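Heads up: the structure comes next, in structure tokens.
Lettering follows sequence order; numbering is per chain, from 1. None of the values given here were measured: they were computed from a predicted structure.
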Amino acid sequence: MSDSALKRKVREVLVSPKLGDTVHIQGWVRTKRESKAGLTFLEVNDGSYFQNLQVVVPADLPNYATEIPKLYPGSSVAVIGKEVQSQGGKQAVEVQARQVILIGACDPALYPIGKQKMSYEYLRDFTHLRSRTNTFSAIARVRNVLSMAIHGFFQERGFLWLHTPIITANDAEGAGQMFRVSTLDMDKPPRNEGGEVDFSKDFFGAGVNLTVSGQLEAEAYACSMGNVYTFGPTFRAENSHTSRHLAEFWMVEPEMAFAELEDDARLAEDFLKHLLRTVLEKCPLEMEFFKQRVEPTILETLSAVLNNPFKRLTYTEAVEVLKRSGETFKYAVEWGIDLQSEHERYLTEKVFKAPVILTDYPKAIKAFYMKVNPDGKTVRAMDVLVPGIGEIIGGAQREDKEEILAARIKEMGMQEAPLWWYQDLRRFGSVPHAGFGLGFERLVQFVTGMGNIRDVIPFPRTPGHIHI
RNA sequence: UGGUCAGUAGCUCAGUGGUAGAGCCCUCGGCUGUUAACCGAGUUGUCGUAGGUUCGACCCCUACCUGACCAGCCA
């Protein structure tokens, strides 16, 4: 293309038009409307903006009869033309084409993505193409904005982004089944005298797995760097077939030194509100789309979280509220049970109609590392519950006393030896510290209203499914 | 891993124990400002797979495959 016209993105043309200027646009045809009496309209999208750019193609272009009819959805094009005020009502600006070049053709007989409605389920078979749709490109941009909002929130507050390992020898947390990482010959692995696979002969000289959480390592750095956070992939080999589980997902885990549960709860509330405020500000078109096409109440739900103080109460108080409610639950409420999603959602949606932070859970239903309260029965745990989804954040103040932690490890039937380094953190200059974990895809689900977690990560991994 | 539901045209879906349907897509015709374009015509089928019941099965039964949802586990 010999023309020296300024290359611009669709976003730039639509957001800051320069009427009268000649512009060079490159993108993909989303749809084409033609009047065979002599005018064709192209909707061109280049990924920079939710909206398409309307390109008006006049019939006097030399390739009007030969190439323009072949501009099927999915074709890539270059357009040179003038930015003008649109005569149509649906857009302020459009491009009056002087030259349209078909760069890459797209055969509609073979192309899986069409103008017609497609189910999410169908599109899951085309994860490499589904970002060409409105829904999936909107999700991709929201995901990006949320990622940067996460970094922005912590960086502004002086938190250090910590890269915790993907491959780990820890299986201490018991957060679920882990993926084994091994270079041993699976047909003939070395075996010890007992006939078991001998992982001391493996690559690392030990059995290792993909991480299920960076929390324990984050604690190590918090106990020197002050405040840190992780944001990276984690892995669970659970055979879960639900709309809320992935085998590979991203997790955010801040950890603060010299901090107690109250600091943790405040951080969680500020964090969630910052994320929602940012996405509502930076993705208004995408959010409007989710409201219209995905979840009609999404904006109200997010506003409710953004504009209400989070309600704090203890697990014990929550159990009392639930028992007094007179509501019949599928699972009866008794002190000591782990609250079901029906209970959590009842609290946040019906009782308080606001986000709820529950604290001080029975120690038997929580992890070994959570700080035991003076009552000896509960731990300094917190769950943040939001309307529409239930638990979105789980956190705790960590046990900082070596003897109590050792006792808890035994109590939970875990091995003490692999946690020697974790105990060092309590031996050498121990401090109160606290943190929480947020499943990033569940956050994206919450923000977009998307029902299935497989649709909010670009390339989902679930049991039996790994398309590309 | 258990329970429930589903599988019909390339896509989204109707459908009935007795000739296989619509809309979209695509093709052709019409229309000089469309925008979910519109109007008219046309092309498109192993009704998930394998058995069984029946004069006759897309429909009823059984098994299997695949998917979704719910529960458990969790984030």
Between atom CG of A:N209 and atom CZ of A:F179, what is the distance when rounded to the nearest 0.5 Å? 10.5 Å

Give A:R293 one of three labels, base, sugar-phosphate or nothing, depending on what nucleic acid heavy atoms sit under 4.0 Å from its own. nothing

Counting any heavy atom closer than 4.0 Å, what does A:G88 reach on the DNA or RNA strands: base, sugar-phosphate only, or nothing? base

Base, sugar-phosphate or nothing for A:Q87? Non-hydrogen atoms, less than 4.0 Å. base

Are the ring centres of A:Y331 and A:H343 closer than 6.0 Å? no

Cation-aromatic face contact A:K32/A:F41, 6.0 Å, 45 degrees: no

Tell me whether the side-chain N/O atoms of A:K90 come closer than 4.0 Å to OP1 or OP2 in B:rA36. yes

Students often get this wrong, so: under 4.0 angstrom with heavy atoms, is A:S119 touching a base, only sugar-phosphate, or nothing? sugar-phosphate

Whom does B:rG33 pair with, Watson-Crick or G-U wobble, provided both distances fall under 3.5 Å? none

What is the pairing partner of B:rU66, taking Watson-Crick or G-U wobble pairs with both distances under 3.5 Å in any strand? B:rA6

Counterpart base for B:rA71, defined by Watson-Crick or G-U wobble contacts under 3.5 Å: B:rU1

Contact class for A:E34 vs. all strands (heavy atom < 4.0 Å): base, sugar-phosphate, or nothing? base

Hey, is the side chain of A:E121 pairing donor to acceptor with the base of B:rU66 inside 3.5 Å? no

Between A:N239 and A:Y331, who's closer to the 5' end of RNA chain B by nearest nucleotide? A:N239

Could you pick out which residue, A:N452 or A:G439, lies toward the 5' side of RNA chain B when each is mapped onto its nearest nucleotide? A:N452

What is the nucleic acid contact for A:S240, judged by heavy atoms within less than 4.0 Å: base, sugar-phosphate only, or nothing? base

